[in-house]
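Okay, structure first, notes after.
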Amino acid sequence: MAASQMDQTKPLALAYVRVSTALQVDGASLDAQRNLLNQEAQQRDWDVDIVVDEGYSGKDLRRPGLTGALQRLDAGDAQILIATRLDRLSRSVGDFAGLLARAHGRAWRLVLLSPALDTQDPAGKFTAYVLAAAAEYERDLIAARTREGMAQRRLEGQHLGRPRVVPESVVARVVEQRIAGATLQQIADALEGDHVPTARRSGPWRASSIQGLLESQTGQRLLSGLGQGPGSPCIVNPRD
(Lines give C-alpha, C1' and ligand atoms only; values in the text may rest on other atoms or scores of the structure.)
Protein backbone atom coordinates (compact mmCIF):
# COMPACT_ATOMS: atom_id res chain seq x y z
CA MET A 1 0.00 0.00 0.00
CA ALA A 2 2.81 2.36 0.90
CA ALA A 3 4.50 1.69 -2.46
CA SER A 4 1.23 2.35 -4.30
CA GLN A 5 0.77 5.67 -2.53
CA MET A 6 4.37 6.66 -3.33
CA ASP A 7 3.71 5.99 -7.04
CA GLN A 8 0.81 8.44 -7.11
CA THR A 9 1.63 11.91 -8.43
CA LYS A 10 -0.14 15.23 -8.27
CA PRO A 11 -2.06 16.50 -11.31
CA LEU A 12 0.14 18.58 -13.60
CA ALA A 13 -1.23 21.98 -14.61
CA LEU A 14 0.21 23.93 -17.52
CA ALA A 15 0.01 27.57 -16.47
CA TYR A 16 -0.36 29.62 -19.63
CA VAL A 17 0.82 33.24 -19.57
CA ARG A 18 0.68 35.61 -22.53
CA VAL A 19 1.12 39.28 -23.16
CA SER A 20 1.39 41.10 -26.48
CA THR A 21 3.87 43.91 -26.96
CA ALA A 22 0.94 46.38 -26.88
CA LEU A 23 -0.42 45.09 -23.58
CA GLN A 24 2.41 45.82 -21.13
CA VAL A 25 0.04 47.28 -18.54
CA ASP A 26 -0.58 46.85 -14.82
CA GLY A 27 -2.02 43.44 -14.04
CA ALA A 28 -1.19 41.99 -17.44
CA SER A 29 2.58 41.51 -17.10
CA LEU A 30 4.11 38.09 -17.42
CA ASP A 31 5.40 38.15 -13.83
CA ALA A 32 1.97 39.06 -12.44
CA GLN A 33 0.36 36.18 -14.32
CA ARG A 34 3.05 33.72 -13.21
CA ASN A 35 2.61 34.66 -9.57
CA LEU A 36 -1.18 34.32 -9.63
CA LEU A 37 -1.08 30.93 -11.38
CA ASN A 38 1.62 29.55 -9.09
CA GLN A 39 -0.43 30.56 -6.05
CA GLU A 40 -3.56 28.88 -7.45
CA ALA A 41 -1.67 25.67 -8.23
CA GLN A 42 -0.27 25.53 -4.70
CA GLN A 43 -3.73 26.03 -3.19
CA ARG A 44 -5.13 23.18 -5.30
CA ASP A 45 -2.10 20.95 -4.64
CA TRP A 46 -1.12 20.73 -8.33
CA ASP A 47 2.30 20.51 -9.85
CA VAL A 48 2.76 23.34 -12.33
CA ASP A 49 4.75 24.12 -15.48
CA ILE A 50 4.76 27.69 -16.78
CA VAL A 51 4.12 28.09 -20.52
CA VAL A 52 4.92 31.50 -22.01
CA ASP A 53 3.93 33.28 -25.22
CA GLU A 54 5.51 36.73 -25.10
CA GLY A 55 4.63 39.23 -27.81
CA TYR A 56 1.77 37.22 -29.36
CA SER A 57 -1.77 38.45 -29.95
CA GLY A 58 -4.77 36.47 -28.72
CA LYS A 59 -6.65 36.88 -32.02
CA ASP A 60 -5.98 33.23 -32.94
CA LEU A 61 -4.36 30.11 -31.48
CA ARG A 62 -1.24 30.12 -33.64
CA ARG A 63 1.24 30.61 -30.80
CA PRO A 64 4.21 28.32 -30.14
CA GLY A 65 3.77 28.12 -26.38
CA LEU A 66 0.07 27.34 -26.55
CA THR A 67 0.55 24.86 -29.40
CA GLY A 68 3.09 22.93 -27.35
CA ALA A 69 0.88 23.00 -24.25
CA LEU A 70 -2.11 21.61 -26.15
CA GLN A 71 0.01 18.79 -27.56
CA ARG A 72 1.14 17.84 -24.05
CA LEU A 73 -2.44 17.91 -22.77
CA ASP A 74 -3.72 15.80 -25.67
CA ALA A 75 -0.94 13.28 -25.06
CA GLY A 76 -1.85 12.99 -21.38
CA ASP A 77 1.44 14.49 -20.16
CA ALA A 78 -0.59 17.13 -18.27
CA GLN A 79 -4.17 17.23 -17.03
CA ILE A 80 -5.04 20.93 -16.66
CA LEU A 81 -4.62 24.13 -18.66
CA ILE A 82 -4.92 27.19 -16.42
CA ALA A 83 -4.82 30.91 -17.27
CA THR A 84 -5.61 34.13 -15.42
CA ARG A 85 -8.34 35.25 -17.84
CA LEU A 86 -10.11 34.04 -20.93
CA ASP A 87 -8.50 36.66 -23.18
CA ARG A 88 -5.05 35.30 -22.26
CA LEU A 89 -6.09 32.14 -24.13
CA SER A 90 -8.40 33.38 -26.88
CA ARG A 91 -10.41 36.37 -28.10
CA SER A 92 -12.42 34.29 -30.57
CA VAL A 93 -15.62 32.41 -29.77
CA GLY A 94 -14.84 29.87 -32.47
CA ASP A 95 -11.32 29.22 -31.21
CA PHE A 96 -12.47 28.96 -27.61
CA ALA A 97 -15.28 26.59 -28.56
CA GLY A 98 -12.66 24.45 -30.25
CA LEU A 99 -10.56 24.47 -27.08
CA LEU A 100 -13.55 23.35 -25.00
CA ALA A 101 -14.35 20.54 -27.44
CA ARG A 102 -10.70 19.49 -27.47
CA ALA A 103 -10.53 19.47 -23.67
CA HIS A 104 -13.69 17.37 -23.47
CA GLY A 105 -12.55 14.93 -26.14
CA ARG A 106 -9.09 14.44 -24.66
CA ALA A 107 -10.22 14.52 -21.01
CA TRP A 108 -8.28 17.52 -19.73
CA ARG A 109 -9.56 20.52 -17.77
CA LEU A 110 -9.56 24.22 -18.53
CA VAL A 111 -9.42 26.56 -15.52
CA LEU A 112 -9.61 30.36 -15.42
CA LEU A 113 -8.98 32.56 -12.39
CA SER A 114 -11.05 35.62 -13.35
CA PRO A 115 -13.89 34.96 -13.30
CA ALA A 116 -13.37 31.80 -11.30
CA LEU A 117 -14.47 28.92 -13.52
CA ASP A 118 -13.54 25.34 -14.15
CA THR A 119 -14.79 23.50 -17.23
CA GLN A 120 -15.08 20.35 -15.18
CA ASP A 121 -18.23 22.02 -13.88
CA PRO A 122 -21.16 22.51 -16.38
CA ALA A 123 -21.88 26.01 -15.04
CA GLY A 124 -18.24 26.95 -15.53
CA LYS A 125 -18.30 25.72 -19.12
CA PHE A 126 -21.44 27.74 -19.87
CA THR A 127 -19.93 30.88 -18.30
CA ALA A 128 -16.82 30.48 -20.43
CA TYR A 129 -18.89 30.38 -23.64
CA VAL A 130 -20.76 33.55 -22.61
CA LEU A 131 -17.52 35.41 -21.83
CA ALA A 132 -15.96 34.44 -25.15
CA ALA A 133 -19.06 35.58 -27.05
CA ALA A 134 -19.06 38.93 -25.23
CA ALA A 135 -15.35 39.48 -25.96
CA GLU A 136 -15.80 38.78 -29.67
CA TYR A 137 -18.88 41.03 -29.84
CA GLU A 138 -16.98 43.90 -28.24
CA ARG A 139 -14.07 43.46 -30.67
CA ASP A 140 -16.45 43.50 -33.64
CA LEU A 141 -18.14 46.66 -32.34
CA ILE A 142 -14.78 48.42 -32.02
CA ALA A 143 -13.85 47.44 -35.57
CA ALA A 144 -17.23 48.68 -36.88
CA ARG A 145 -16.87 52.02 -35.07
CA THR A 146 -13.36 52.43 -36.50
CA ARG A 147 -14.59 51.83 -40.06
CA GLU A 148 -17.50 54.25 -39.58
CA GLY A 149 -15.20 56.92 -38.15
CA MET A 150 -12.76 56.62 -41.05
CA ALA A 151 -15.59 56.84 -43.58
CA GLN A 152 -16.91 59.98 -41.90
CA ARG A 153 -13.46 61.60 -41.90
CA ARG A 154 -13.14 60.87 -45.61
CA LEU A 155 -16.50 62.56 -46.23
CA GLU A 156 -15.24 65.58 -44.29
CA GLY A 157 -12.14 65.71 -46.46
CA GLN A 158 -9.70 64.86 -43.71
CA HIS A 159 -6.37 63.28 -44.57
CA LEU A 160 -6.06 59.57 -43.70
CA GLY A 161 -3.05 57.31 -43.77
CA ARG A 162 0.53 58.31 -43.10
CA PRO A 163 1.08 61.88 -41.92
CA ARG A 164 2.12 64.32 -44.62
CA VAL A 165 5.89 64.79 -44.46
CA VAL A 166 6.41 67.36 -47.24
CA PRO A 167 6.16 70.83 -45.67
CA GLU A 168 3.49 73.14 -47.07
CA SER A 169 6.23 75.62 -47.95
CA VAL A 170 7.68 73.09 -50.39
CA VAL A 171 4.24 72.45 -51.93
CA ALA A 172 3.76 76.22 -52.26
CA ARG A 173 7.10 76.50 -54.04
CA VAL A 174 6.08 73.74 -56.45
CA VAL A 175 2.74 75.42 -57.15
CA GLU A 176 4.34 78.82 -57.77
CA GLN A 177 6.99 77.42 -60.10
CA ARG A 178 4.42 75.39 -62.04
CA ILE A 179 2.15 78.41 -62.51
CA ALA A 180 5.19 80.39 -63.65
CA GLY A 181 5.63 77.89 -66.48
CA ALA A 182 8.24 75.44 -65.20
CA THR A 183 7.90 71.84 -66.31
CA LEU A 184 7.49 69.06 -63.77
CA GLN A 185 11.01 67.82 -64.42
CA GLN A 186 12.46 71.32 -64.08
CA ILE A 187 10.77 71.70 -60.68
CA ALA A 188 12.06 68.27 -59.63
CA ASP A 189 15.60 69.15 -60.72
CA ALA A 190 15.46 72.45 -58.81
CA LEU A 191 14.37 70.73 -55.60
CA GLU A 192 17.04 68.11 -56.08
CA GLY A 193 19.66 70.80 -56.63
CA ASP A 194 18.63 72.56 -53.42
CA HIS A 195 18.78 69.25 -51.50
CA VAL A 196 15.14 69.48 -50.45
CA PRO A 197 14.17 66.09 -48.94
CA THR A 198 11.44 64.06 -50.63
CA ALA A 199 8.40 62.72 -48.79
CA ARG A 200 10.27 59.49 -48.01
CA ARG A 201 13.44 61.37 -47.03
CA SER A 202 15.35 59.29 -49.58
CA GLY A 203 15.61 58.99 -53.32
CA PRO A 204 15.51 61.72 -55.96
CA TRP A 205 12.69 64.07 -56.87
CA ARG A 206 10.84 62.93 -60.01
CA ALA A 207 8.24 64.49 -62.28
CA SER A 208 5.67 62.06 -60.86
CA SER A 209 6.46 63.28 -57.33
CA ILE A 210 5.81 66.88 -58.39
CA GLN A 211 2.54 65.86 -60.03
CA GLY A 212 1.53 64.14 -56.81
CA LEU A 213 2.14 67.32 -54.81
CA LEU A 214 0.09 69.37 -57.25
CA GLU A 215 -2.80 66.91 -56.98
CA SER A 216 -2.63 66.63 -53.19
CA GLN A 217 -5.15 68.35 -50.94
CA THR A 218 -2.59 71.02 -50.05
CA GLY A 219 -1.62 71.54 -53.66
CA GLN A 220 -5.24 71.83 -54.79
CA ARG A 221 -5.98 74.30 -52.00
CA LEU A 222 -3.02 76.49 -52.95
CA LEU A 223 -3.90 76.31 -56.63
CA SER A 224 -7.49 77.32 -55.88
CA GLY A 225 -6.23 80.27 -53.86
CA LEU A 226 -4.28 81.39 -56.90
CA GLY A 227 -7.27 81.00 -59.21
CA GLN A 228 -6.19 77.68 -60.73
CA GLY A 229 -8.94 75.05 -60.91
CA PRO A 230 -8.68 71.24 -61.28
CA GLY A 231 -8.67 71.54 -65.08
CA SER A 232 -5.75 73.94 -65.16
CA PRO A 233 -2.99 73.05 -67.64
CA CYS A 234 -0.48 73.35 -64.84
CA ILE A 235 -1.60 70.01 -63.36
CA VAL A 236 -3.18 68.01 -66.17
CA ASN A 237 -0.05 67.27 -68.23
CA PRO A 238 2.28 65.25 -66.00
CA ARG A 239 5.05 64.95 -68.63
CA ASP A 240 5.24 68.67 -69.46
Side-chain angles (χ1 to χ4, degrees), residues 8-146 162:
Q8 292 179 354
T9 59
K10 300 177 183 178
L12 175 59
L14 302 184
Y16 182 72
V17 299
R18 178 189 68 80
V19 65
S20 71
T21 54
L23 290 176
Q24 298 290 350
V25 296
D26 293 340
S29 72
L30 296 175
D31 286 341
Q33 293 178 63
R34 285 191 188 98
N35 292 337
L36 288 170
L37 295 174
N38 274 321
Q39 291 172 12
E40 185 69 17
Q42 290 177 3
Q43 290 177 4
R44 298 195 184 212
D45 197 28
W46 295 339
D47 287 331
V48 62
D49 280 352
I50 302 293
V51 178
V52 180
D53 273 324
E54 185 172 1
Y56 285 88
S57 167
K59 65 180 181 180
D60 57 45
L61 301 181
R62 291 176 292 187
R63 286 164 261 155
L66 182 59
T67 297
L70 294 174
Q71 291 172 348
R72 292 177 65 185
L73 289 159
D74 289 346
D77 295 337
Q79 294 73 48
I80 303 144
L81 179 63
I82 182 172
T84 56
R85 299 196 314 266
L86 174 60
D87 62 356
R88 299 298 97 205
L89 286 172
S90 174
R91 294 178 178 272
S92 163
V93 174
D95 286 342
F96 186 65
L99 282 179
L100 290 179
R102 188 168 178 171
H104 178 74
R106 299 299 182 117
W108 49 267
R109 293 164 64 183
L110 177 58
V111 175
L112 301 176
L113 302 189
S114 179
L117 61 86
D118 187 335
T119 57
Q120 196 173 49
D121 173 53
K125 185 183 295 185
F126 174 76
T127 302
Y129 274 120
V130 172
L131 289 173
E136 186 168 40
Y137 176 63
E138 181 178 6
R139 189 180 70 245
D140 290 344
L141 280 180
I142 292 172
R145 293 190 192 107
T146 300
R162 292 188 304 172

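Quick caveat: nothing in here was measured; it's all calculated off a predicted structure.
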Heavy-atom closest contact ([X] atom, [Y] atom, distance):
X      : Y     : result
Val51  : Gly65 : CG1-O, 3.2 Å
Val48  : Leu12 : N-CD1, 3.9 Å
Leu61  : Leu89 : CD2-O, 3.8 Å
Ala83  : Leu37 : C-CD2, 3.7 Å
Trp108 : Leu99 : CH2-O, 4.0 Å
Ala69  : Leu14 : O-CD1, 3.5 Å

Can you tell me how far apart [atom1] ([X]) and [atom2] ([Y]) are? Round to the nearest 0.5 Å.
X      : Y      : atom1 : atom2 : value
Thr119 : His104 : OG1   : NE2   : 10.5 Å
Leu81  : Leu70  : CG    : CG    : 6.5 Å
Arg44  : Ile82  : CZ    : CD1   : 6.0 Å
Leu113 : Leu86  : CG    : CG    : 12.0 Å
Leu66  : Gln71  : CG    : CD    : 10.0 Å
Gln79  : Arg72  : CD    : CZ    : 10.0 Å

Go through the steps for Arg34 and Val52 under the test side-chain contact (heavy atoms from CB on, under 4.5 Å), then give the verdict.
-> CA-CA 9 Å; Arg34 285 191 188 98; Val52 180; 3.7 Å; yes
Using modelled atom types and a 3.5 Å cut-off, is there a donor and acceptor pairing between side-chain atoms of [X] and backbone atoms of [Y]?
X      : Y     : value
Arg109 : Ala13 : no
Thr84  : Gln33 : no
Arg18  : Tyr56 : yes
Arg63  : Asp60 : yes

Audit row: Leu110, Phe96, side-chain contact (heavy atoms from CB on, under 4.5 Å) steps and yes/no | CA-CA 11 Å; Leu110 177 58; Phe96 186 65; 3.4 Å; yes
